[in-house]
Amino acid sequence: MTDVQNRRVEELDGRALHAARVRSSNHDRLVEAALQLLSEGACELSAKSVAQRAKVSVATVYNHFPDRVEGILRAVLEQFRSDAVRAAERALANAGSTAALRELCGELVARIASLGDSGRMLLREGAALPHGNPLTADLERDVEQILRHDRQGPTDAGRMPSDGDRHSVEMIGLQSRLIAIAVRGSCATWAMTGSDSTAEMSAADLVHLCRVAPEMFGEVAEQQAEMVRRSA
């Protein structure tokens with residue numbers, strides 16, 4: 001390759017890197033702008049309002065989020081989840097899996113609940129409650145990773161899993177699903193009630209329920225597993 005060709009490749013690489021950085025920066029600005037609006041009490045977002053707050057064009061919003069506001073809200077939820085995972089990882093290192101699970105579920109919903117009515121809107125529209133919640137699958141995966149942290153897998157890769165191994169894997173999967181369902185159910189109940197509803201669940205109640213869910217549904221999983229063993 002000639003010197004001219006090398007320079008051309010370097011220029012193209014440099015432009016691609018710059019474009020990637022700009023795109024990443026714009027994505028972060030849009031998510032931060034949406035979060036600012038939600039924190040200020042906005043219960044309705046539009047591509048225009050987010051673009052104005054982020055100081056970018058509406059076309060930039062569409063380029064990053066073709067599904068517009070729904071995509072932005074999901075990105076905000078994902079940011080909350082990532083923050084909760086980091087908090088859980090710190091708790092796991094310092095206090096073990098039980099504290100980590102409480103931190104994961106509690107931190108996630110505390111961030112959402114702190115937004116009040118905007119948080120309710122975030123759950124309803126960003127997570128498409130009650131018809132389907134993309135947050136659930138992610139939370140289930142996060143819970144499972146924490147639960148697996150204290151379990152040692154087979155040391156011999158060629159060894160067939162024992163009944164104890166299978167039971168441990170099944171227990172982790174069951175507990176992960178139950179915890180994720182409990183958290184989603186609590187969030188759905190909170191999201192679908194408003195400040196003018198007699199059935200309102202307070203933000204503090206929501207956070208408390210999601211913090212105790214790991215312990216409560218861990219016991220349920222143990223009981224279900226015991227029933228299965230007895231019936232076998």
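Residue indices begin at 1 and follow the sequence shown.
- There is a side-chain donor-acceptor pair under 3.5 Å between Ser202 and Asp205.
- Between Arg86 and Glu89 there is no salt bridge, since none of the side-chain N atoms of the basic residue sits less than 4.0 Å from a carboxylate O of the acidic one.
- Arg81 contributes no side-chain N or O that, together with a main-chain N or O of Leu139, makes up a donor-acceptor pair within less than 3.5 Å.
- Note that the SG atom of Cys105 and the CZ atom of Phe217 stand 11.0 Å from one another [nearest 0.5 Å].
- Contact of the Arg53 side chain with the Ser49 side chain is not registered, since no non-hydrogen atoms from C-beta on lie closer than 4.5 Å.
- The main-chain N or O of Ala191 is found under 3.5 Å from a side-chain atom of Arg124 such that the two form a donor-acceptor pair.
- No side-chain heavy atom of Val143 sits under 4.5 Å from any side-chain heavy atom of Pro214.
- Annotation: side chain of Cys210 is not in contact with side chain of Leu108 (no heavy-atom distance under 4.5 Å).
- No continuous path of hydrophobic side-chain contacts links Ile181 to Leu123 [ILVMFWY only; heavy atoms under 4.5 Å].
- A heavy-atom distance below 4.5 Å is not found between the side chains of Ser186 and Val109.
- Both Val69 and Leu30 are members of a single hydrophobic cluster when ILVMFWY side chains are connected at heavy-atom separations under 4.5 Å.
- Summarising the local packing, CD of Glu44 is surrounded by 12 or fewer heavy atoms from other residues, nucleotides or ligands at distances under 6.0 Å.
- The same ILVMFWY cluster, assembled from side-chain heavy atoms under 4.5 Å apart, contains both Leu174 and Ile172.
- Within the 4.5 Å cutoff, the side chain of Trp190 has no heavy atoms near those of the Val207 side chain.
- Under the 4.0 Å criterion applied to side-chain N and carboxylate O atoms, Glu103 and Arg90 are not assigned as salt-bridge partners.
- Inter-residue side-chain proximity for Ile72 and Val61 is flagged as met; some heavy-atom pair is nearer than 4.5 Å.
- Inter-residue side-chain proximity for Phe65 and Val31 is flagged as met; some heavy-atom pair is nearer than 4.5 Å.
- For the atom pair Leu73 CG and Leu38 CG, the distance stands at 6.5 Å (nearest 0.5 Å).
- A donor-acceptor pair shorter than 3.5 Å can be found between the side chains of Ser57 and Thr60.
- Connection of Leu101 to Met216 is established within a shared hydrophobic cluster, with ILVMFWY side chains joined at heavy-atom distances below 4.5 Å, either directly or through further cluster members.
- Note that the CZ atom of Arg102 and the CD1 atom of Ile179 stand 11.5 Å from one another [nearest 0.5 Å].
- Salt bridge status for Arg74 with Glu70: absent, with no side-chain N to carboxylate O gap under 4.0 Å.
- A chain of hydrophobic side-chain contacts below 4.5 Å, direct or via other Ile, Leu, Val, Met, Phe, Trp or Tyr residues, connects Leu35 to Val56.
- Interatomic distance, SG of Cys187 versus CE of Met201, reported as 9.0 Å (0.5 Å rounding).
- Residues Tyr62 and Asp67 form no side-chain contact, since every pair of their non-hydrogen atoms from C-beta on lies 4.5 Å or further apart.
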